[in-house]
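Bear in mind the structure is a predicted one, so any value in this text is a computation, not a measurement.
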Amino acid sequence: MSSTGNGGEKMGAAKKKGQGLAALPWTVRFQVFALSAACDLSQRRDGTVNRSLFSLVDRQTHASSRPDARGVRSADVVVDASRGLWARVFSPSAEQAGTAPLPVVVYFHGGGFSLLAASSRPLDAMCRRFCRELGAVIVSVNYRLAPEHRYPAAYDDGEDVLRYLSTTGLPADISVPVDLSRCFLAGDSAGGNIAHHVAHRWTTSPPSNTHVRLAGIVLLQPYFGGEERTDAELRLEGVAPIVNMRRSDWAWRAFLPEGADRNHTAAHVTGEAGPEPELPEAFPPAMVVVGGLDSLQDWQRRYAAMLQRKGKAVQVLELPDAIHSFYIFPELPDVGKLDKDFKTFIETNTPDH
């Protein structure tokens with residue numbers, strides 16, 4: 001297991017939590033506060049979501065066939081209208097892309113399985129940035145949300161998007177060539193959890209004659225858990241922004257089957273409370289991004305260690321000062337490091353390497 005970043009400072013970073021949060025730009029602190037407040041107010045005690053209230057801060061944006069200032073355009077693709085499954089496809093202009101086929105990144109957004117959408121403005125902007133910086137076509141999946149659609153709906157949707165790409169491909173108006181043998185799954189937070197499980201499913205029972213080959217998975221602060229309270233969860237409770245135990249427990253109750261606890265195999269994949277998952281030989285190389293100001297960090301490192309025990313290639317990017325969801329705030333310096341390492345991971349994990 002390779003590791004980049006200063007992972008040796010993770011305990012030292014724990015002593016600087018207040019300093020790290022205060023160092024955030026005021027615009028980021030305001031957005032974090034608004035998002036956290038909206039999340040708390042929207043998560044009802046009966047396990048449902050007040051979507052009307054959350055929509056007040058979850059500003060949406062439409063796809064646009066007109067290239068933005070950096071040459072990125074977007075288009076929405078309906079995968080299955082009967083269940084409202086669609087994806088937003090981000091592509092560079094033909095002039096920027098050149099003639100070589102581009103890799104495809106199928107992206108799953110975060111939001112505790114229950115909030116946000118591919119059309120949420122910060123996520124749309126992030127995928128535009130990925131398209132530009134990675135030199136890839138981004139397919140951002142608008143999967144069904146909990147609690148209206150519990151486990152395994154999000155995993156089913158992710159797998160069906162891959163089947164759609166294999167059988168139908170991308171829209172004809174995507175004017176750049178793509179290489180589906182260089183298909184990467186990526187996701188942040190709950191989306192990272194979805195990316196892992198979709199990769200596990202796809203490589204365990206791949207369709208015959210598929211054009212889609214998973215070349216790698218990139219998990220940005222993936223959302224795994226268990227009944228155990230880890231050191232980081234206890235140490236950062238009430239200190240680290242975005243994720244805390246109350247919000248996290250609510251999200252798992254909303255997503256997991258009725259009556260299941262957090263040791264369910266959807267949440268707990270690292271073997272401490274049950275058997276480790278059996279990963280097929282074709283399970284792809286992984287990049288796992290860990291933030292020192294994220295209370296989920298222990299689960300993320302355990303996940304990377306599990307992959308290593310299974311003989312899988314895994315790269316860990318440690319960002320000691322990163323809060324959960326740092327990647328949606330382009331003004332934060334860790335975003336540049338993420339984009340650079342993400343691009344290198346794609347370039348390294350191709351059929352030619």
Side-chain angles (χ1 to χ4, degrees), residues 2-10 12-13 16-17 19-32 35 67-72 74 90-93 96-97 102-103 105 107-110 120-138 140 184-189 191-192 195 216-222 240-243 285-294 296-297 300-301 304 314-350:
S2 63
S3 180
T4 59
N6 196 350
E9 291 186 4
K10 61 187 179 184
K16 301 189 298 178
K17 296 301 180 258
Q19 177 184 348
L21 295 176
L24 292 174
W26 73 266
T27 53
V28 173
R29 280 183 281 150
F30 176 79
Q31 291 176 77
V32 166
L35 179 61
D68 62 18
R70 300 295 182 91
V72 176
S74 59
F90 300 84
S91 59
S93 66
Q96 288 180 320
L102 298 181
V105 177
Y107 195 86
F108 302 96
H109 67 80
S120 296
R121 183 164 293 184
L123 298 172
D124 181 277
M126 178 183 66
C127 287
R128 287 179 178 275
R129 188 186 83 235
F130 283 155
C131 177
R132 182 177 67 248
E133 298 298 329
L134 305 180
V137 170
I138 311 296
S140 181
F184 294 79
L185 301 187
D188 65 273
S189 195
I217 58 174
V218 178
L219 310 186
L220 312 182
Q221 300 177 312
I242 307 292
V243 176
M287 173 177 163
V288 182
V289 179
V290 180
L293 296 174
D294 179 11
L296 300 176
Q297 60 189 272
Q300 295 153 6
R301 295 190 188 98
V314 56
Q315 171 187 335
V316 179
L317 173 60
E318 292 270 3
L319 300 171
D321 296 323
I323 64 170
H324 194 81
S325 301
F326 75 93
Y327 31 78
I328 67 172
F329 303 111
E331 56 268 56
L332 296 181
D334 283 330
V335 167
K337 174 64 173 172
L338 167 64
D339 292 352
K340 178 181 177 182
D341 281 32
F342 198 160
K343 181 178 177 66
T344 300
F345 182 82
I346 288 177
E347 293 173 343
T348 301
N349 291 285
T350 70

Measure the shortest side-chain to side-chain distance between [X] and [Y] over non-hydrogen atoms and say whether it is less than 4.5 angstrom.
{"X": "Leu296", "Y": "Val243", "value": "yes"}
{"X": "Arg129", "Y": "Val335", "value": "yes"}
{"X": "Val314", "Y": "Val288", "value": "yes"}
{"X": "Met287", "Y": "Ile217", "value": "no"}
{"X": "Lys340", "Y": "Lys337", "value": "no"}
{"X": "Val137", "Y": "Phe90", "value": "no"}
{"X": "Val290", "Y": "Leu317", "value": "no"}
{"X": "Gln315", "Y": "Asp341", "value": "yes"}

- In plain terms, say whether Arg301 and Glu318 are close enough for a salt bridge, that is, a side-chain N and a carboxylate O under 4.0 Å apart.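 Yes.
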Keeping [X] on the side-chain end and [Y] on the backbone end, is there a donor-acceptor pair under 3.5 Å?
{"X": "Asp124", "Y": "Ser120", "result": "no"}
{"X": "Glu133", "Y": "Asp339", "result": "no"}
{"X": "Gln300", "Y": "Pro222", "result": "yes"}
{"X": "Gln31", "Y": "Thr27", "result": "yes"}

Minimum heavy-atom separation for [X] to [Y], with atom names?
{"X": "Gly291", "Y": "Gln297", "result": "O-NE2, 3.4 Å"}
{"X": "Ala195", "Y": "Gly187", "result": "CB-N, 4.4 Å"}
{"X": "Leu219", "Y": "Gly192", "result": "CD2-O, 3.3 Å"}
{"X": "Ile138", "Y": "Cys127", "result": "CG1-O, 3.8 Å"}
{"X": "Gln221", "Y": "Ala322", "result": "NE2-O, 4.2 Å"}

- For Lys343, what residues pass the side chain to side chain contact (heavy atoms under 4.5 Å, CB included) criterion, not counting sequence neighbours?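 Lys343: side chain to side chain contact (heavy atoms under 4.5 Å, CB included) contacts with Leu134, Glu347.
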- Query: Under the side chain to side chain contact (heavy atoms under 4.5 Å, CB included) test, which residues partner Pro103, sequence neighbours left out?
  - Reply: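 Pro103 satisfies side chain to side chain contact (heavy atoms under 4.5 Å, CB included) with Ala136, Arg182, Phe184, Ile346 once adjacent residues are dropped.
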- Check the angle between the aromatic planes of Phe342 and Phe130 and answer parallel, tilted or perpendicular using the 30° and 60° thresholds. perpendicular
- Task: Mark yes when over 12 heavy atoms from residues, nucleotides or ligands other than Arg70 sit less than 6.0 Å from its CZ; otherwise mark no.
- Result: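 Atom CZ in Arg70 is not crowded, with 12 or fewer foreign heavy atoms closer than 6.0 Å.
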- Query: Taking atom CG of Leu332 and atom CG of Asp321, what is their separation to the nearest 0.5 Å?
  - Reply: 10.5 Å
- Got a second to check how far Arg132's CZ is from Ser93's OG, nearest 0.5 Å? 12.0 Å
In residues 323-330, what donor-acceptor pairs under 3.5 Å come from side-chain atoms, sequence neighbours left out?
residue: His324; atom: ND1; partner: Asp294; partner atom: OD1; Å: 3.2
residue: His324; atom: ND1; partner: Asp294; partner atom: OD2; Å: 3.1
residue: His324; atom: NE2; partner: Ser189; partner atom: OG; Å: 2.9
residue: Tyr327; atom: OH; partner: Asp188; partner atom: OD2; Å: 3.4

